[in-house]
Amino acid sequence: MTDKIRVRFAPSPTGHLHIGGARTALFNWLFARRSNGTFILRIEDTDTTRSTDEYIEAIIEGMKWLGLDWDEGPFRQTDRFDIYRSYADKLVKEGRAYYCYCSPEELETRRKESMAQGRPLKYNGKCRDLKEPVPGIQPVVRFRMPVEGQTVVDDLIKGRVSFENEQLDDLIILRSDNTPTYNLTVVVDDVDMKITHVIRGDDHLNNTPKQIQLYNAFGYPVPKFAHLPMILGSDKARLSKRHGATSVMAYYELGYLPEALVNYLVRLGWSYGDQEVFTRDELVEYFSFENVGKAAAVFNPEKLLWLNSQYIINSSPERLAGLVMPFLEKGGIIEKGQGMDMRWLSRAVGTLRERSKTLLELANSLRYFIAEEIEFIEKAKDKFLNEKSRDLLAALKEALASVPEFSHDELEKVFKSVVEKHGVKLKDLAQPVRVAMTGGTESPGIFDVLEVLGKEKTIGRLERAIKEIV
RNA sequence: GGUCCCAUCGUCUAGUGGCCUAGGACGCUGGCCUCUCACGCCGGAAACACGGGUUCGAGUCCCGUUGGGAUCACCA
């Protein structure tokens, strides 16, 4: 029996959970769930100057919203400094790492020189074979890379990738303040946490041979790697704020459903034949690295929007009614803490479901259902509330007074009879009524609008519209 | 610049040597449905980057070119 699969998502808390990170987390989660493995959340906060607790919270918030639950953690690397130091000390004792006394300025100068001369930007090995410490300087610890041979990364997505060891730099594993750097912590933790598959963005592919050398130095087996292609913006540059919303929670604010984002993100780089819309269970069942593409993908907000509309259409009005409440409050459509008849709201939502691409849109459309007083769009008022429609509206108002039941079907009968009596088309009545009810010219079917509004509000709005004409 | 990765419609992609007259989806677009707007349905335009090989046969395999991306920190 093979060992249980263990994967991890290891963000650094120097910003919110963004689209790219979320996708990495998602693929890890999918793979773990698919293979009955363990999903670990590890916070890589060794850059203490840029990491904050607020961002840790923000990342956790984003993961929870997306429904990416983890089995272990969150672990924080800052809680584990002693472990990293002991590993580093071990390497120094074995001669696989050494103290380096070169100053950052010195290194910077040499880098610039190398750049100018077109040579590879690599540490020159000045302190590699130093016998005596240099007094008065706090050294860093560098890992001694092999200078010959190749290191091969057997990647689940990219295939076999080979690097010349002479290209590998003697990387710093301990800073002069004795804190560990990324390449040390990531290897030590992956070893310590028994990670079997490292799934991350392919911007890490170039780090991988160095890390493999570290595994070798520690005498630990190398995990399997899967390097996901990057997500790009519309200009094919790495996705950034310039391209619009990049933080996951920004999509919450915009009125997206988490399952829509998840579905979109997973289809960015992964496919399952021609299928576009997946349930979470299907995703878990179908996921495989074999179907992950190698090429970077451009983030396409339009398709995400379409997916969101699909998920909204397929959500129950009851669920949507609950989800839209915060948006109603934020939009000032209802007062915070104001009571709401959720059954009624669900009916209103039901009429709007297939014409709202986001919860934000849905909330805004709900405005005319909920508000006591509607506001007219001038153009709509001018076009439909006029001499021509006044008598029709008045006739409808009168006919409505005696309607047995304020339902779609009964209302349709009333409309038909009014229209017939006046010798006009349905739309000649429907549009003025629509403006009277909603203030504008776009809405759900007019019988549905009236049914949801109810008799009292309908009559009231009819009266007001008639007054507007005079 | 060195190293590494990548390359099918505008975008996400199917394609694992003959099933490809290159399929689906978003977007765009023509029409239908219709009380408006949507939803839905039917149709259309739209791609194998280029050049060499290999093969009876190449979008699919190999090489090169071009183009894009990543990375080269006492960041992660």
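Naming convention: chains lettered A, B, ... in sequence-line order (proteins, then strands); numbering from 1 in each chain. Only this structure's heavy atoms are used, side chains among them; waters, hydrogens and symmetry mates stay out.
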Could you pick out which residue, Gln167(A) or Tyr101(A), lies toward the 5' side of RNA chain B when each is mapped onto its nearest nucleotide?
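Closer to the 5' end of RNA chain B: Gln167(A).
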Of Pro444(A) and Asp47(A), the one whose closest RNA chain B nucleotide lies more 5'
Pro444(A)
Looking across every strand, which nucleic acid part, if any, lies under 4.0 Å from [X] by heavy atom: base, sugar-phosphate, or nothing?
X         : result
Leu205(A) : sugar-phosphate
Ser162(A) : sugar-phosphate
Thr441(A) : base
Pro11(A)  : nothing
Arg353(A) : nothing
Gln310(A) : sugar-phosphate
His204(A) : base

How far does OG of Ser389(A) sit from NE2 of His422(A), to the nearest 0.5 angstrom?
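Output value for this atom pair is 11.5 Å.
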In terms of side-chain geometry, is the basic nitrogen of [X] or [Y] positioned less than 4.0 Å from the acidic oxygen of its partner?
X         : Y         : result
Asp45(A)  : Arg76(A)  : yes
Glu375(A) : Arg461(A) : no
Asp154(A) : Lys224(A) : no
Asp202(A) : Lys158(A) : yes
Arg111(A) : Glu108(A) : yes

Nearest-angstrom distance, [atom1] atom, [N] to [M]:
N      : M      : atom1 : value
U60(B) : C19(B) : C1'   : 14 Å
C42(B) : C48(B) : C1'   : 28 Å
U11(B) : G68(B) : P     : 14 Å
C50(B) : G67(B) : C1'   : 10 Å
C9(B)  : C28(B) : C1'   : 12 Å
C72(B) : G53(B) : P     : 41 Å
G17(B) : G59(B) : P     : 13 Å
A46(B) : U29(B) : C1'   : 11 Å

Think [X] has a side-chain N or O under 4.0 angstrom from the OP1 or OP2 of [N]?
X         : N      : answer
Arg111(A) : C72(B) : no
Ser309(A) : C39(B) : no
Arg238(A) : U71(B) : yes

Taking protein heavy atoms under 4.0 Å as touching, what does nucleotides 7-29 of chain B look like 5' to 3' if B marks base contact, S marks sugar-phosphate-only contact and - marks none?
S---SBSS--------BBBS---
Each nucleotide in nucleotides 60-66 of chain B should get exactly one letter: B, S or -. Can you fill that in based on protein heavy atoms under 4.0 Å?
-------
Taking [atom1] from [X] and [atom2] from [N], how many angstroms apart are they, rounded to a whole number?
X         : N      : atom1 : atom2 : value
Arg200(A) : C4(B)  : CZ    : P     : 18 Å
Lys427(A) : C37(B) : NZ    : P     : 10 Å
Tyr99(A)  : C74(B) : OH    : P     : 18 Å
Leu239(A) : G68(B) : CG    : P     : 19 Å
Leu450(A) : U36(B) : CG    : P     : 16 Å
Tyr182(A) : A73(B) : OH    : C1'   : 14 Å
Glu361(A) : C37(B) : CD    : P     : 16 Å
Glu354(A) : C33(B) : CD    : P     : 18 Å

Taking the six-membered ring of Phe278(A), is NZ or CZ of Arg280(A) closer than 6.0 Å to its centre and within 45° of its axis?
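Checked: cation-pi criterion not met.
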Residue matched to [N] through Watson-Crick or wobble contacts both under 3.5 angstrom:
N      : value
G64(B) : C50(B)
U21(B) : none
U55(B) : none
G40(B) : C32(B)
A14(B) : none
G27(B) : none
G2(B)  : U71(B)

Look at the side chain of [X] and the base of [N], then say whether one donor and one acceptor between them are separated by less than 3.5 Å.
X         : N      : result
Ser176(A) : C74(B) : yes
Arg355(A) : C39(B) : no
Asn207(A) : A76(B) : yes

Is it true that Asn28(A) and Arg8(A) share a donor-acceptor pair across their side chains at a distance under 3.5 Å?
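Distance-only check fails for Arg8(A) and Asn28(A).
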Shortest side-chain distance from [X], nucleotide among [options]:
X         : options                : result
Val140(A) : C74(B), C5(B), A70(B)  : C74(B)
Leu121(A) : C4(B), U36(B), C72(B)  : C72(B)
Asp203(A) : A70(B), C35(B), C74(B) : A70(B)

Is the ring pair His204(A)/Tyr182(A) parallel, tilted or perpendicular, if the boundaries are 30 and 60 degrees?
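Tilted.
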Are more than 12 heavy atoms from other residues, nucleotides or ligands located less than 6.0 Å from atom CD of Glu398(A)?
no
Run the side-chain contact (heavy atoms from CB on, under 4.5 Å) test against Asp235(A) and tell me which residues pass, sequence neighbours left out.
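Only Ala237(A), Arg242(A), His243(A) meet the side-chain contact (heavy atoms from CB on, under 4.5 Å) criterion with Asp235(A).
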Option passing salt bridge (Lys or Arg N to Asp or Glu O under 4.0 Å) with Arg42(A) (candidates Asp192(A), Asp189(A), Asp79(A)):
Asp189(A)
Side-chain donor or acceptor of Tyr264(A) paired with backbone N/O of Lys303(A) under 3.5 Å:
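Not a single qualifying donor-acceptor pair exists.
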Please evaluate residues Gln213(A) and Thr151(A) with respect to the criterion side-chain hydrogen bond (donor to acceptor under 3.5 Å, both in side chains), reporting the C-alpha separation (whole Å), side-chain torsions for both, the decisive distance (0.1 Å), and the verdict.
CA-CA 8 Å; Gln213(A) 288 304 329; Thr151(A) 302; 2.7 Å; yes
